[in-house]
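Structure first, commentary second.
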Amino acid sequence: MTQSALRIRGLAKAFDKPVIAGLDLDIAGGQLYALLGPNGAGKTTTLRMVAGLAKPDTGSIEIFGVDARHDPLGAKAITAWLPDEPMLYDKLSPLEYLAFVAGLWRMDPGQAAQEADRLLHWLDLWEQRDTRCEGFSRGMQQKVALAGALIHDPKLLILDEPLTGLDASMARSVKDALRAQVDAGKTVIVTTHILEVAERMADRIGIIGGGKLLAEGTLDELRDRAGTEGMTLEDTFIRLTTPSTPAA
Amino acid sequence: MRQLPPGSFGWLALNEVRLAVRARKGAGRTSATQLIGYLLVAAWVVIGCAIGWGLRDTAIPIVPEVRIAVLAVSIVMLSFMTAQAMLGSQRSLYDVGDLALLFSAPIREANVLLAKMLGIAATIALTYAVLLLPIVVPVAALGHPRLFGLVALLVALALSATALGLALTLAVATLVGPRAARTFGQILAALLGGAVFLGSQLLPRADHKGSAMLALFERLQTDGVGTRGLSSLPGRAALGDPLAIAIVLGVALLLFAGAGLTLQRLFLSGYQDGGNRLSRSKPTGRASARLFHPGLTRTIFAKEWRLLARDPALAFQIVMRLIYMAPLVLAMAGSRHAVPIPAAIAFASVLIASQLVGSFAWLTVSAEDAPDLLAVAPVAKAQIDRAKVLAALAMAAPFALVLPIGLATRTPIGALITLVMTGLGGFGAGYVELKLGKPNPRSSFARRRQGGFVAGLASLAIALVFGGGAAIAVYCLDGGPALSGLIGQR
């Protein structure tokens, strides 16, 4: 049986009003999971709580069996978080940035340097390794941030809108990188508004709305549930997230 | 704004002035701080009214010294205002981001630039108006209408400074290129802001004490400048001479309009080049394992040092703060009744260290560019905080060691005590930033508020307590008349 990569139970979070209200979610390891939902559905808030950036009001979060609320450092050690705005330092070069991230994750310097070399080549950043990030395009910045997320070899990779603002070529290389992670046995969770991406890439899809999980499964399972056989994920998504009109 | 035709110069200018007023009223302030600000202004107005009422029947003597004083104040204000205008021009060109919208709209480039300049001039004028007008207007309205000339002089200075500041900014951009324009511009602005003060320290004076303004006044008086001819215009305008007001305002308006009309092309190309600032690159071959450090503290140190070293304008601003502190030390050590030099050095050592560590800690702690990256790392926040404060202390150490080492030649034990107090003062300043600092972008260093009023008070208290302690200890050890006698008797 595949180990659960992420297990959420009864997760709740309110700011001025409830954003997440008793969310339950199970994501098995070794797959690419797309978390979808309308604007304000609570996708980013959920993932920020998983990454340890926001404190849940109630509920539990387990990452590969590690209780993220009681052992946050243990959970963070095996997780990587990549937000839509890359967490970079303009004045550092990609190589220096990777050295900093490796230090935060307390990697062995020799091993980290080797891994940085590999990632910079793999993500086609080698020629820019000593160039400060301040002049990089958004796509380049996203790739540097992705390298930072991957350098410590996380078991769970969480990405919030990773393809926003990327051109086709950059988007392709990021998608390839994510697929390669899954092929290597890692678990990847992405949120995206580009439903075609979820449709093509995701092994399973979760749709949240109003702070709860509305539907979850493979694309075919979701279509069955929504009664949209043969239709696109967009049709299925709209059917599942639009409140049904009461019968007259 | 509704009465003005949309897109017209007046409409655009009013929009810029409105933005300037709103930025002045609310930038980074909590509602409590805003309330305190309003109360202070109200109190200032009440004081102004009281002064105005008290002076309503008293004739203000028009003596030559008043004109010299006005000229001295005008020179100092113009240097500060020009520095402010340079920073405002740089913000308009490189930071704010609305030029793309304005230049893509069907509006004449000259109108865009003139409106932007008016916004900068309004920001500058408001800074001084808050201090000046609550006093000047009541006094002028209650019997001395000639003093309304001060308002005209303030407007003229703000307009002139804006024209000068813009011209200098664009000159720097043209001379050093788009990549270095901002850095050089900020350094030049900092130097300009301190120019009068730094220059005043070089002027020979009888007692070596007092402010830059006083030094300048003495020099002008000695040279007979400010009482007649062109140099008397600011003084005459301030005291309501209609011809002088017309000349001062006319020259300022000519400068302002002339800069707006002649610099529009340079401004546009400065903006266009600003978007093309290239990143630095120096390929070195293979990835250097030297960049990868074992341990969190070394990793944080390396990152903070790199970020500081690659921002020379920021580093320069921090060093300038030391220069601005010089008058306090000079005043303490220079006069007949002053604190003896070793004690003043001990106090200055703690003051400098706490200021420096406070500044560096603001950079390492509050101005963290990627706080979420640190928050998702498997490291306790306390460890990161500790490493950052240590990095700030290390950055300040080379400067903070200078005075205790110098003091050691006179009193080794006093130097040791000063060193300990300097360390404690520095650590305290770092701790205050850690506990009370608020997240801010690094670019806002010049306008930073160390977590507000409470943090400011705490930093000051730390500097005074440890600095005072060090000064008293050194005073006693170095043969302070009364206390050393007491110690000797025991």
Side-chain angles (χ1 to χ4, degrees), chain A residues 48 51-54 71-83 85-118 120-121 126-136 145 148-149 152 158, chain B residues 94 178-179 182-183 275-315 363-364 367-384 387 441-443:
Chain A
R48 283 180 65 83
L53 289 171
D71 181 11
L73 299 190
K76 287 174 180 179
I78 53 173
T79 307
W81 159 254
L82 194 66
E85 283 298 323
M87 306 180 291
L88 295 181
Y89 299 93
D90 282 354
K91 302 277 182 203
L92 295 187
S93 68
L95 194 56
E96 290 163 346
Y97 176 71
L98 293 183
F100 179 62
V101 177
L104 288 177
W105 263 261
R106 298 174 194 276
M107 292 179 71
D108 170 69
Q111 188 197 342
Q114 277 186 2
E115 186 60 11
D117 274 17
R118 188 186 72 76
L120 291 170
H121 277 108
W126 183 248
E127 294 300 318
Q128 289 80 29
R129 66 193 179 283
D130 293 318
T131 305
R132 293 182 199 171
C133 296
E134 58 196 348
F136 284 4
H152 55 90
I158 304 170
Chain B
Y94 308 123
R179 181 187 282 161
R182 203 166 160 186
T183 300
N276 295 331
R277 276 182 301 148
L278 301 172
S279 185
R280 287 180 193 277
S281 171
K282 51 174 186 58
T284 54
R286 285 189 57 75
S288 167
R290 285 186 300 112
L291 291 174
F292 292 81
H293 303 289
L296 180 72
T297 305
R298 282 186 66 186
T299 300
I300 300 255
F301 264 51
K303 172 229 169 196
E304 298 299 347
W305 277 104
R306 279 192 191 110
L307 292 182
L308 182 69
R310 289 172 189 178
D311 203 342
L314 194 57
L363 289 179
T364 59
E368 168 61 49
D369 286 332
D372 281 0
L373 176 64
L374 303 182
V376 298
V379 187
K381 185 175 179 299
Q383 275 181 291
I384 291 178
R442 290 173 89 83
S443 55

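Below, chain A is the first sequence line, B the second, and so on; all start at residue 1.
The most heavy-atom pairs under 4.5 Å with chain B, out of Leu92(A), Asp108(A), Leu98(A), come from Leu92(A). Most heavy-atom pairs under 4.5 Å with chain B, from the set Gln128(A), Glu85(A), Met107(A), Met87(A): that is Met87(A). Of the residues considered (Ala51(A), Ala75(A), Ala99(A), Ser93(A)), Ala99(A) shows the highest number of contacts with chain B, using heavy-atom pairs under 4.5 Å.
Looking at Leu88(A), the atoms closer than 4.5 Å to chain B (heavy atoms on both sides) all sit in the backbone: N, CA, C or O. Interface remark: Ala102(A) contributes side-chain atoms only to the contact with chain B (heavy atom separation under 4.5 Å).
For the pair Leu291(B) and Leu95(A), the minimum side-chain heavy-atom distance is below 4.5 Å. Glu96(A) has its side chain within reach of Arg306(B): a pair of non-hydrogen atoms, C-beta onward, lies under 4.5 Å apart. Side-chain contact check for Phe100(A) versus His293(B): every heavy-atom pair is 4.5 Å or farther apart.
In this structure, Pro294(B) and Pro109(A) approach most closely via the heavy-atom pair N-CG, 3.6 Å. Residues Phe292(B) and Ala112(A) share a closest heavy-atom pair of CD2-CB, 3.5 Å.
In this structure, the separation between CG on Asp90(A) and CG on Leu307(B) is 9.5 Å, given to the nearest 0.5 Å.
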Which pairs would a plain distance check flag for residues 373-383 of chain B, meaning a side-chain donor or acceptor within less than 3.5 Å of a matching protein atom at least two apart in sequence or in another chain?
from      : atom 1 : to        : atom 2 : distance (Å)
Lys381(B) : NZ     : Asp385(B) : OD2    : 2.9
Gln383(B) : OE1    : Arg106(A) : NH2    : 3.3

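A search for salt bridge (charged side-chain N to carboxylate O under 4.0 Å, His left out) contacts involving Glu304(B) returns Lys388(B), not counting sequence neighbours.
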Go through Asp372(B) and Arg48(A) one step at a time and tell me if the salt bridge (Lys or Arg N to Asp or Glu O under 4.0 Å) criterion holds. CA-CA 10 Å; Asp372(B) 281 0; Arg48(A) 283 180 65 83; 3.2 Å; yes
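Using a cut-off of 4.0 Å between Lys/Arg side-chain N and Asp/Glu carboxylate O, Glu134(A) and Arg310(B) are scored as not salt-bridged.
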